Amino acid sequence: MSDPVNRKKVPFRGGGFKPRPIRFVAPFVFLALVLFWEFGSRTGIISNLVLPAPSEAFQAFLDLYNSGLFWKHVSTSLYRLVFGWSIGTALGILVGLLIGLFSLARSSLLPLTSAFFPIPKIALLPLFIIWFGIGEGSKVATILFGTFFPTVIATYGGVDNVERGLVRMGQSFGMSWLSIVRKIILPGALPAILSGARISASIAIILLVAAEMIGAEYGIGAYVLMAGSLFATDQLIVGVAMLSILGLCVSWLIGKAEKALLNWRG
Amino acid sequence: MPFPIIRLDYMQISIEKLSHAYGSVEVLNDINLTFEPGEIAVIIGPSGCGKSTLLRLMGGLEEPSKGAAYIAGQAPEGSLNPLTYIFQDFALLPWRTVAGNISLVLEDHKLSKQQSKAIIDDVLARTNLSEFHDALPHQLSGGMKQRVAIARALAVSPAFLLMDEPLSALDSQTRELLMDDLVALWSREAFSACYVTHNLAEAVRLGHKVIVLSRRPGKVREVVEISIPLNERRERAAELEEVQQQLWHMMREEALAADRELADV
Ligand SMILES: Nc1ncnc2c1ncn2[C@@H]1O[C@H](COP(=O)(O)OP(=O)(O)O)[C@@H](O)[C@H]1O
Ligand SMILES: [Mg+2]
């Protein structure tokens, strides 16, 4: 038995380094920020020239909504986004698979992909306008190209990372090549493809705005550009908030898709 | 039994003058072996001596540099995959349930839904896994995962099982349980197998004959026959211990030398 007088508890030194999400903190912080902002604007701490009050921005939103143009802008942008992103992603997955599966495709397409990936697609916008016209074509093409390359890279990386042991298992059971690709390689690459989709979706939103700033009548980007050129900062804030909400929605959707498709990860 | 699994329609595997090298590294040197139907042949040898390579060559997953492995006789009728592996790391698809993993290897064959279901239910029953039908691999212990892999192998009615250290990833208690399972499976219906391990206790519990390979380049150093019936081996531990000692004497020098070689690299 140890001496009960001279003993002390072993000091605890574990724990920590494991942040966990706490519910309701995020909305609370957001609300507090907006309230502080509003308070600052009303008391004059924040000059109206520097930043309009949230209530003014909200009024600008109501004006936009009542003018009937809100849905026009949003639906035009959504159309370009969905169209460009889904084609770009589909083609990207296809080419990524080819690079992941065939030596010839890897030797020919991978260097091309690596060369084209770092080019900011916005720089190519004038070319796209010449090729695809000033209308929808150039805008969809910008988003399409912008999402294509990151998807290619995510997909072939995912294919490369599929456990070789699983492929060998498929072969050892005499599975056909197509079955191995469909049932082992594709599902195995899915986590990487989905995280690629997350990245390409945010790239798509950035490119959407950039593309809509040239020769677009409608769309969130056009609205933001117009507000900016008139120094209508309240409208500018409405446009920026719409983009932020759009981004949150996309990431929420991809989160849902990950939950549904990758539930086997436990 | 509606689906007899492992048939002894006398398909025999033999290896003749087989050598294999990876680049300049000679891994296997002039291997000559014959595997008898209905027998479990255990291959032991120091790590890195080419046991896994030999098994891959036997199952056609790699091509030997010299010599060949031969199959004599027809694959038994109804065998969907005559040479079937059981892997050390189980190789289960994590996104498929237990039943889905077994169904995977049946889907490329022309089987009706009922036939597939009957096979799956039958092999799950035989490996005591029926209640885990819908479980995902990440919910299972290592022992359970390997049972699923065994069930999957049985589902294709193999003529010959190729097992590469199937119990090496498991703790020793689970290993004991699975050895009992394998003995029970073999006793119910004798199957032919080549079982690779570095564990001498497994070798003497499961092997009708034990093939001792030398260190790299692997050569057949000795073949030891063990005549004690598999289902009596647990009781006759003393006799087995003797065989195990004998094997250890053969392995010791090789293992020691192999160990030093690796340290030199
Ligand atoms: N695909 C490969 N390419 C090159 N060397 C290999 C390959 N596979 C195995 N080897 C080498 O061959 C030797 C035997 O390997 P292996 O058959 O896995 O041994 P064991 O299973 O007996 O431990 C080892 O030295 C290993 O490094
Ligand atoms: Mg090995």
Side-chain angles (χ1 to χ4, degrees), chain A residues 18 89 93-94 96-97 100-103 151 154-198 253-266, chain B residues 52-53 55-63 75 79-98 100-110 134-140 145 148-149 151-166 169:
Chain A
K18 208 180 169 190
T89 303
I93 291 174
L94 188 74
L97 271 181
L101 292 172
F102 301 106
S103 307
T151 310
T155 304
Y156 102 78
V159 172
D160 277 3
N161 276 332
V162 174
E163 253 186 79
R164 290 302 106 172
L166 294 181
V167 175
R168 194 170 303 142
M169 180 275 294
Q171 292 174 322
S172 82
F173 278 94
M175 287 173 67
S176 71
W177 182 87
L178 201 65
S179 284
I180 292 178
V181 172
R182 265 181 47 222
K183 295 169 187 170
I184 298 179
I185 290 183
L186 258 182
L190 198 57
I193 295 177
L194 282 176
S195 59
R198 206 179 260 287
L253 278 178
I254 292 177
K256 281 276 162 201
E258 276 176 346
K259 262 221 176 82
L261 293 171
L262 306 179
N263 65 344
W264 47 268
R265 291 203 289 199
Chain B
S52 300
T53 307
L55 216 57
R56 287 199 295 273
L57 296 169
M58 282 173 67
L61 290 179
E62 263 177 73
E63 289 188 305
S79 170
L80 301 177
N81 191 49
L83 300 175
T84 296
Y85 281 87
I86 293 174
F87 299 94
Q88 178 177 351
D89 60 357
F90 325 128
L92 300 177
L93 299 186
W95 49 86
R96 284 200 179 216
T97 61
V98 166
N101 265 287
I102 299 170
S103 141
L104 175 81
V105 298
L106 301 173
E107 286 163 12
D108 275 8
H109 301 279
K110 290 182 185 66
D134 296 320
L136 284 166
H138 76 85
Q139 299 171 303
L140 302 175
K145 285 182 199 163
V148 176
R152 176 179 63 189
L154 298 180
V156 292
S157 306
F160 198 96
L161 281 175
L162 300 157
M163 302 193 251
D164 190 0
E165 310 216 14

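Basis for what follows: all heavy atoms, side chains included, without hydrogens, waters or symmetry-related copies. Just so we're clear, the structure is a prediction, and the values are computed from it rather than from any experiment.
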Side chain, backbone, both or neither: which part of B:Tyr85 has a non-hydrogen atom closer than 4.5 Å to chain A? both
Nearest atoms (heavy-atom pairs only) where B:Ala151 meets B:Ile102: CB-CD1, 3.9 Å
Engaged part of A:Ile184 at the chain B interface, taking heavy atoms whose separation is under 4.5 Å: both
Quick one: closest heavy-atom pair of A:Trp264 and B:His138, and the distance? O-CD2, 2.9 Å
Is B:Asn101 close to B:Pro137 at the side-chain level, that is, under 4.5 Å between some pair of heavy atoms? yes
Report yes if the side chains of B:Met58 and B:Leu83 come closer than 4.5 Å at any heavy-atom pair, otherwise no. no
Please state whether the side chain, the backbone, both or neither of B:Arg56 comes within less than 4.5 Å of a heavy atom of chain A. side chain
Comparing B:Thr84, B:Leu162, B:Leu136, B:Leu104 against chain A, the one with the most heavy-atom pairs below 4.5 Å turns out to be B:Leu104
Should A:Arg265 and A:Pro191 count as side-chain neighbours, where that means a heavy-atom distance under 4.5 Å? yes
Considering only heavy atoms, which portion of B:Leu92 lies under 4.5 Å from any heavy atom of chain A: side chain, backbone, both, or neither? backbone
